[in-house]
Enquirer: 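For reference, the structure I am asking about is given below.
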Amino acid sequence: MIVCSCNVISDHDIRQAVKTADELPRSPKQVYGCLGCSAECGRCARTIKTIIDEALGPCARACNAGCQHRQDHAHSAASSVEDVQSRFALAAC
């Protein structure tokens, strides 16, 4: 089903973006970014948020212990910290 007619985004596109994104999108703006577009009229924002929450399941508001997404976030956060540290280390040289 087409959710955003301005950008021709389907519910499947949104679910796929949530499933495959490096950092889990939790807002319509983040989903637009994952899909390489931006909001036009904004009428779809609530529907996109609902689909995001459904796609994330029980951890839609905050990841719970043992949640697959939490493990993914921990790995992403560790990688991000290492990236930042390496950038600053290079900048200090």
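This is a predicted model, so every value here is computed, not measured. Worth knowing before you read on, the calculation uses all heavy atoms, side chains too, and leaves out hydrogens, waters and symmetry mates.
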Enquirer: Determine whether Ser10 and Val3 make a side-chain contact, defined as any pair of heavy atoms from C-beta on separated by less than 4.5 Å.
Expert: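 Contact flag for Ser10/Val3 side chains = no.
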Enquirer: Counting N and O atoms only, with roles assigned by atom type, does the side chain of Asn7 sit under 3.5 Å from a partner on the main chain of Cys37, one being a donor and the other an acceptor?
Expert: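 Such a contact is absent between Asn7 side chain and Cys37 backbone.
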Enquirer: Under 3.5 Å, which donor-acceptor pairs link side chains of residues 27-35 to any protein atom two or more places apart or in another chain?
Expert:
unit_1	atom_1	unit_2	atom_2	d
Ser27	OG	Gln30	N	3.2
Ser27	OG	Gln30	OE1	3.4
Gln30	OE1	Arg26	N	2.6
Gln30	OE1	Ser27	N	3.1

Enquirer: Grab the two heavy atoms, one from Val18 and one from Ala55, that are nearest each other, plus how far apart they are.
Expert: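 Smallest heavy-atom distance, with atoms named: CG1-CB, 3.9 Å.
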Enquirer: Please enumerate all residues that pass side-chain contact (heavy atoms from CB on, under 4.5 Å) together with Cys6, with sequence neighbours excluded.
Expert: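 Only Cys4, Glu40, Cys41 meet the side-chain contact (heavy atoms from CB on, under 4.5 Å) criterion with Cys6.
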Enquirer: Side chains of Glu54 and Arg15, heavy atoms from C-beta outward: is any pair under 4.5 Å?
Expert: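 With C-beta onward as the side chain, the pair touches.
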Enquirer: Does a side-chain heavy-atom distance below 4.5 Å link Ile2 with Ile9?
Expert: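 When only atoms from C-beta onward are counted, Ile9 and Ile2 do not touch, as no gap falls below 4.5 Å.
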Enquirer: Would you compute the distance between atom OG1 of Thr50 and atom CD1 of Ile14 and round it to the nearest 0.5 angstrom?
Expert: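 With rounding to 0.5 Å, OG1 (Thr50) is 10.0 Å from CD1 (Ile14).
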